[in-house]
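This report refers to the structure that appears directly beneath it.
One is the number of the first residue; the rest follow in order along the sequence.
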Amino acid sequence: MQIFVLSRSISSYLNQDLAYLYEDGKEDANIYVSGDIVQQSVSLAPEIINAELERCRDKKHRHIASVNRLTNRLYKNCSRLESCNSNGKDYLPILKREIRKFRKLQTTWMLTL
């Protein structure tokens, strides 16, 4: 999945810029959001596979709903990271574009289940 590769690359790039501590000893809160985009993108594939393999309609819809939630959170976290103080934020529009493409495919995929 292109989303997984992009999110991991962007996160590692952002982590280098966001790993510093402020003068008061606090860390940048966006460093955790950069990890969230990786976790959410990793979680997409198993949920898609589970939805494909599930026979029970209710469980299948739970997996589909989970894919929707993960996609929405991933997109929101990308938007949140666009305001961080890092050069890596320039790559976030590429990831957001891939997420929008995925959403279109996701709509077609949901209709086939």
Within this structure, what is the [atom1]-[atom2] distance for the pair [X] and [Y], rounded to the nearest 0.5 Å?
{"X": "Q40", "Y": "E47", "atom1": "CD", "atom2": "CD", "result": "12.5 Å"}
{"X": "L95", "Y": "N77", "atom1": "CG", "atom2": "CG", "result": "10.5 Å"}
{"X": "S86", "Y": "L14", "atom1": "OG", "atom2": "CG", "result": "4.5 Å"}
{"X": "I94", "Y": "I3", "atom1": "CD1", "atom2": "CD1", "result": "13.5 Å"}

| request: With sequence neighbours left out, write down each residue that passes salt bridge (Lys or Arg N to Asp or Glu O under 4.0 Å) with K101, or none if nothing qualifies. | output: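 K101 satisfies salt bridge (Lys or Arg N to Asp or Glu O under 4.0 Å) with E98 only.
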
Sequence neighbours left out, what passes side-chain hydrogen bond (donor to acceptor under 3.5 Å, both in side chains) with [X]? Give chain and number order.
{"X": "S11", "value": "none"}
{"X": "R100", "value": "Y75"}
{"X": "Y91", "value": "none"}
{"X": "E52", "value": "W109"}

Counterpart residues, side-chain contact (heavy atoms from CB on, under 4.5 Å), relative to [X] (two or more places apart):
{"X": "E54", "answer": "C56, K59, K60, H63"}
{"X": "T71", "answer": "L44, V67, I99, F102, R103, Q106"}
{"X": "I49", "answer": "L53"}
{"X": "K26", "answer": "Y22, D24"}

| message | If you compare all heavy atoms of L81 against all heavy atoms of S34, which two are closest, and at what distance to 0.1 Å? | response |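 The pair with the smallest heavy-atom distance is CD1-CA, 3.9 Å.
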
| Where do L92 and C78 come nearest, in terms of heavy atoms and distance? |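 Scanning both residues, the minimum pair turns out to be CD1-O, 3.7 Å.
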
| task | Please go through L105's hydrophobic cluster and name the other residues, only I, L, V, M, F, W, Y counting, with side-chain heavy atoms under 4.5 Å joining them. | result |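 Result for L105 is none, singleton.
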
| task | Can you tell me which residue pairs pass the salt bridge (Lys or Arg N to Asp or Glu O under 4.0 Å) test with a partner in residues 72-84, sequence neighbours excluded? | result |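 Qualifying pairs, neighbours excluded: E82-K96.
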
| Can you check whether R62's main-chain N or O pairs, donor with acceptor, with S66's side chain at less than 3.5 Å? |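 No; judged by distance alone, with no hydrogens or angles, the pair does not exist.
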
